[in-house]
Visitor: 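Structure in structure tokens, see below.
Reckoned from all heavy atoms, side chains included, excluding hydrogens, waters and symmetry mates. By convention in this document, chain letters (A, B, ...) are assigned in the order of the sequence lines, proteins followed by strands, and residues within each chain are numbered from 1.
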Amino acid sequence: MQSKSLDGLFQELLENEPIFKNKEVLRHSYTPDSLVHRDDQINSLASILVSALRGDTPSNILIYGKTGTGKTAVTRHVGIELERKGESLGLSCKVVYLNCEVIDTQYRLLANLTRQFGEDVPMTGWPTDQVFFKFKETIDNERQVVIIILDEIDKLIKKGDDVLYNLSRINTDLENAKVSMIGVSNDLKFTEFLDPRVKSSLGEEEIIFPPYDADQISDILHERAEIAYKPDALDEMVIPLCAAFAAQEHGDARRALDLLRVAGEIAERENKSHVEEQHVKGAQEKIEVDRVIEVVRTLPTQSKLALYSVMLLRNNGYKNVTTGEVYNVYRQLCLQVDMDILTQRRVTDLMSELDMLGIVNAVVVSKGRYGRTKEIVLSVPINSTKKVLFEDYRLKPLEFFKPVLTTQLHL
DNA sequence: GTTCCACGGGAAGATAAGGTCG
DNA sequence: CGACCTTATCTTCCCGTGGAAC
């Protein structure tokens with residue numbers, strides 16, 4: 001390789017006409033100032049929350065919509081506006097935002113809420129009711145309206161709905177402060193699992209976010225591309241193509257933005273001065289592969305072993321892999337790498353988790369007299385997955401290991 | 001029509017690892 | 001220090017069952 005001075009190395013990269021003007025606006029974390037095609041939702045949300053500015057408690061709200069339909073962006077946007085307006089009117093109006101996917105237990109939720117009001121709560125150690133009490137005490141210090149946004153609220157239900165029940169009744173214990181909640185969910189049916197009391201209190205108002213269609217996504221992309229890219233950096237077909245791909249994915253605007261950004265990155269890496277159609281196709285592929293790789297990489301070792309078992313069976317010509325066989329191989333793998341062997345029951349659960357993550361596809365089938373089982377099909381490319389698995393040093397000894405397979409090949 | 005297997009579902013509880021508090 | 005807290009991860013136990021094989 002030609003050696004250049006270091007200075008020259010970076011100089012060249014810098015001078016290379018960048019395609020991007022401001023890439024940040026294509027990231028999920030960016031909240032745009034104006035939200036296209038969501039006027040209805042913004043207005044209904046605002047008209048419900050306006051009572052906070054009159055010092056009343058707004059109704060609790062449930063918001064539904066698939067991923068990437070702008071729920072979070074709209075809610076946050078309205079929240080910020082509300083706080084701002086409250087401030088100028090001299091009313092204390094506080095909007096707190098919590099993502100229940102990260103904060104998924106009663107304790108953590110309450111602790112987090114309390115912390116947002118400047119009080120310190122330890123990570124763990126306290127009884128939960130003490131945290132709840134502390135929270136009530138903290139907010140009740142001041143005359144204020146508190147609006148709690150619970151994003152991905154459906155994740156919370158799976159662990160029991162005590163928190164929601166408690167929170168929905170909190171107003172009866174408060175002297176000064178008023179609390180109302182906004183639940184955001186991408187599962188339209190999640191209220192079915194809710195305690196009826198919680199359900200009626202939480203769902204006083206409902207707002208639905210329909211998926212975007214391809215044209216609407218195009219509009220959104222145009223708007224952002226204007227800020228994100230240099231003029232003329234995009235080929236004519238780039239945005240429609242991104243929009244079309246994303247529209248297939250239930251109108252996911254987030255996906256569309258990802259596509260647009262990754263396509264740009266690919267083009268940049270190829271030293272092209274503008275983004276072409278093929279880059280979008282490349283982006284589509286890359287995003288999917290990245291997702292899988294990331295998921296596999298962060299899997300717990302036990303799940304990796306289970307997954308590798310499936311792959312081994314697959315490699316040995318097993319068309320229909322069943323739970324029993326997987327467990328058999330899995331046990332051998334464990335002995336090989338000196339890990340504890342989990343029970344079959346537990347491994348069944350691990351397989352279900354892999355199924356949920358979309359790494360594997362499991363269908364329950366009955367084999368009549370020979371029982372019932374899950375038939376497991378791998379839904380990721382074997383080779384690249386294998387490579388990722390062996391990045392884990394604990395799996396290294398398995399690289400050339402051949403399991404003993406039970407020879408019962410029933411068709 | 002019956003049978004009956006190899007699972008799946010659900011729940012309870014054990015354990016360990018994080019922590020607070022007096 | 002010990003008493004007591006949460007949480008994640010597994011184990012244990014028991015029951016339920018789809019549907020081809022009989």
Visitor: Counting primed atoms plus P, OP1 and OP2 as sugar-phosphate and everything else as base, spell out the protein contacts along nucleotides 15-22 of chain C at 4.0 Å heavy-atom distance: B, S or - for each nucleotide, 5' to 3'.
Guide: -BBBBBSS

Visitor: The criterion is side-chain contact (heavy atoms from CB on, under 4.5 Å); which residues satisfy it with A:Pro210, sequence neighbours excluded?
Guide: A:Arg38, A:Gln41

Visitor: Once salt bridge (charged side-chain N to carboxylate O under 4.0 Å, His left out) is applied, do any residues pair with A:Arg224, and if so which ones, sequence neighbours excluded?
Guide: none

Visitor: Under 3.5 Å between N/O atoms: give me all the protein pairs with nucleotides 13-19 of chain B, atom names plus distance.
Guide:
residue: B:dG18; atom: N2; partner: A:Thr124; partner atom: OG1; Å: 2.7

Visitor: Not counting sequence neighbours, list each pair that qualifies as a ring pair (Phe, Tyr, Trp, His ring centres under 6.0 Å) and has a residue in residues 374-400 of chain A.
Guide: A:Tyr308-A:Phe390

Visitor: Can you pull out the residues from residues 338-356 of chain A that lie within a 4.0 Å heavy-atom distance of DNA chain B?
Guide: A:Gln344, A:Arg345, A:Thr348

Visitor: Anything under 3.5 Å between a donor and an acceptor, one on a side chain of residues 91-100 of chain A, the other on a protein residue two or more places apart or in another chain? List them.
Guide:
residue: A:Ser92; atom: OG; partner: A:Glu142; partner atom: OE2; Å: 3.3
residue: A:Tyr97; atom: OH; partner: A:Asp151; partner atom: OD2; Å: 2.5
residue: A:Asn99; atom: OD1; partner: A:Glu101; partner atom: N; Å: 2.8

Visitor: Show me the pairs that pass ring pair (Phe, Tyr, Trp, His ring centres under 6.0 Å) and involve residues 49-84 of chain A, at least two apart or across chains.
Guide: none

Visitor: Cut-off 3.5 Å, no hydrogens considered: what does the side-chain donor-acceptor table look like for residues 249-265 of chain A, sequence neighbours left out?
Guide:
residue: A:Glu249; atom: OE1; partner: A:Arg255; partner atom: NH1; Å: 3.4
residue: A:His250; atom: NE2; partner: A:Thr67; partner atom: OG1; Å: 3.2
residue: A:Asp252; atom: OD1; partner: A:Arg254; partner atom: N; Å: 2.9
residue: A:Asp252; atom: OD1; partner: A:Arg255; partner atom: N; Å: 3.2
residue: A:Asp258; atom: OD1; partner: A:His28; partner atom: NE2; Å: 2.9
residue: A:Asp258; atom: OD1; partner: A:Arg261; partner atom: NH2; Å: 3.1
residue: A:Asp258; atom: OD2; partner: A:His28; partner atom: NE2; Å: 3.2
residue: A:Glu265; atom: OE2; partner: A:Lys23; partner atom: NZ; Å: 3.2

Visitor: Who passes side-chain contact (heavy atoms from CB on, under 4.5 Å) against A:Asn141, sequence neighbours left out?
Guide: none

Visitor: Which of the following nucleotides, C:dT6, C:dT7, C:dC10, is nearest to the side chain of A:Thr128?
Guide: C:dT6

Visitor: Taking salt bridge (Lys or Arg N to Asp or Glu O under 4.0 Å) as the cut-off, I'd like each qualifying pair that reaches into residues 76-93 of chain A, sequence neighbours left out, listed once.
Guide: A:Glu81-A:Arg84

Visitor: Which residues satisfy the side chain to side chain donor-acceptor pair (under 3.5 Å) test with A:Tyr330, sequence neighbours excluded?
Guide: A:Gln302

